[in-house]
J.: 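Take this structure first; my questions come after.
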Amino acid sequence: MAVGGSGLLVVALALIPRSWWGALASGRPVLLPVAVSLALLVTGILLWRQVSPEREVSAAPTPPGRQMRPLRSWVIPIGVILVGVVTCTAVVWLQGSVPAVGDRLQLAQLRVESIRTGLTIGAAVTAAFALLLAFRRQQLAERTQQATEYDAGEKRVTELYVKAADQLGADKAPVRLAGLYALERLAQDNPAHRQSIVEVICAYLRMPHIAPDTEFTSTPIPVPLKAVSSDTESNETSVGLREERQVRLAAQRILARHLRPTTEDAEPDPSYWGPTLVLDLTEAVLIDADFNGCHLHKVDFTAATFHGYTLFNGTTFSGPATFVGTTFNRTARFDRATFIGPSGIVQASFRDEAWFDRATFSSGAWFDQTTFSDVARFSRATFSDSARFVETTFKGSAKFNETTFSGGTVFVRATFDGTAKFEEATFNGVVDFEGASLGGVRYDGPEPVIE
């Protein structure tokens with residue numbers, strides 16, 4: 001349709017000057033070429049305006065455009081009257097332009113020719129009006145077809161969505177894996193459903209699970225009573241937990257894969273699902289979570305448990321990042337992470353090393369009542385706003401070397417059981433260590449301001 005509309009525009013623009021000037025030069029009436037040229041011009045403009053802008057390549061059904069208003073009942077009568085008025089006006093005007101010189105036969109021929117020309121103009125206007133009605137009829141047919149295809153596509157998407165969600169509740173791990181990958185493909189092809197599919201995957205990760213063979217698992221793996229005397233059932237329980245581990249790892253990889261805006265070559269990733277997805281992983285059980293380089297808009301890890309290594313290196317948190325009551329059983333790394341929104345790592349527990357080297361906290365950062373059981377590294381980190389470590393416990397060494405604190409820094413009632421290092425740290429605001437416990441440790445930082 002775009003080619004047809006552009007072609008008619010070109011033809012109309014080419015005919016207007018040529019036909020008009022040709023008619024004027026030869027002394028012929030100019031209304032006929034004017035009507036034809038204008039009809040082509042109007043039709044070309046209407047066809048050209050129907051071309052929609054290029055959309056994102058997607059297999060998702062396209063919703064129909066804005067609803068078309070029904071044709072008014074007075075349009076047809078007004079159109080007929082308009083055609084009649086234009087025809088009569090053309091005939092009268094042409095009759096009046098007939099010269100009064102010449103014999104009677106020539107005058108009669110000129111008058112007949114003027115009437116024929118006026119009727120031709122009326123026919124041209126009628127054809128243009130009929131063309132507009134046909135164009136509207138075509139629009140209605142296309143919109144009806146589009147609505148039909150959209151309804152069919154939405155029905156198919158819903159069926160696939162329900163089927164994949166049912167597969168996640170299957171007893172066999174391969175079936176659950178198939179459901180996850182079906183949801184991934186569905187989300188990739190249907191951007192409008194990505195958030196709902198992400199919520200389903202997050203809901204699966206929120207289901208209760210006990211990670212097998214985890215060094216820091218505090219809750220023992222439940223074993224049936226009969227398993228005491230039956231190695232077969234015990235093996236089946238272990239195999240089931242390991243299979244579930246693989247399913248959860250696949251779910252985590254799916255989320256991470258589509259939350260990375262760039263590839264390893266720093267090129268835009270076509271599988272990126274956008275920066276506005278919301279992840280609700282409250283009370284989720286995550287195993288060897290790898291979110292390196294991801295762009296997380298709004299995430300909630302309240303009471304979540306991370307088994308194995310946790311990686312958020314180079315991750316961007318553009319919205320609120322909530323880690324209230326979160327447990328990290330192994331090393332957690334947030335090196336070069338960027339927290340654009342407020343970050344609340346409150347009442348969290350780091351049972352192994354915690355790395356925040358070169359991390360950037362653009363908004364307020366709260367580590368209140370958090371426990372660092374091993375080394376806590378914040379070297380070269382940047383706190384652009386307030387940094388709160390109220391009642392925070394550092395059982396291992398705490399390293400804030402070359403760290404920049406631009407806002408107020410609060411270590412009220414914090415406990416340092418190991419070495420606290422603030423070598424070459426920069427404090428641009430008030431530093432409050434009121435009630436902090438530094439007994440018997442070496443403090444290599446600036447003299448704190450006690451308020």
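As a basis for the values below, the full set of heavy atoms in this structure was taken, side chains included, without hydrogen atoms, waters or symmetry mates. As the structure is a computational prediction, the values presented were derived from the model and not from experiment.
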J.: Could you tell me how the ring of Phe372 sits relative to the ring of Phe378: parallel (under 30°), tilted (30 to 60°) or perpendicular (over 60°)?
T.: perpendicular
J.: On the six-membered ring of Tyr204, is Arg248 placed so that its NZ or CZ lies under 6.0 angstrom from the centre and within 45° of the ring axis?
T.: yes
J.: Should Arg257 and Glu184 count as an ion pair when the cut-off is N to O under 4.0 Å?
T.: yes
J.: Measure the acute angle between the ring planes of Phe317 and Phe339, then classify it against the limits of 30° and 60° as parallel, tilted or perpendicular.
T.: parallel
J.: How close do Ser363 and Pro342 get, heavy atom to heavy atom, and via which atoms?
T.: CB-N, 3.7 Å
J.: Should we say atom CD of Gln369 is surrounded by more than 12 heavy atoms from elsewhere, each under 6.0 Å from it?
T.: yes
J.: Is a side-chain N or O of Arg333 found less than 3.5 angstrom from the main chain of Phe312, in a donor-acceptor match?
T.: no
J.: Taking the six-membered ring for Trp and the full ring for Phe, Tyr or His, determine whether the centres of Phe367 and Phe356 are under 6.0 Å apart.
T.: yes
J.: Decide, yes or no, whether a salt bridge links Arg206 with Asp300 under the criterion of side-chain N to carboxylate O below 4.0 Å.
T.: no
J.: Got a salt bridge between Asp357 and Arg377, using NZ or NE/NH1/NH2 to carboxylate O under 4.0 Å?
T.: yes
J.: Using 30° and 60° as the class limits, which term best fits the ring planes of Phe400 and Phe411: parallel, tilted or perpendicular?
T.: perpendicular
J.: Between Asp288 and Tyr309 (side chain of the first, backbone of the second, donor and acceptor by atom type, cut-off under 3.5 Å), is there such a pair?
T.: yes
J.: Parallel, tilted or perpendicular: which fits the ring planes of Phe328 and Phe334, with parallel below 30° and perpendicular above 60°?
T.: perpendicular
J.: Quick check on side-chain contact (heavy atoms from CB on, under 4.5 Å): which of Thr371, Asp374, Thr370, Val375 does Phe350 satisfy it with?
T.: Thr370
J.: Is there a side-chain contact between Thr426 and Phe405 (heavy atoms, below 4.5 Å)?
T.: no
J.: Under 3.5 Å, is there a donor-acceptor pair linking the side chains of Ser271 and Asp269?
T.: yes
J.: Is Arg176 paired with Glu244 through a side-chain N to carboxylate O contact shorter than 4.0 Å?
T.: yes
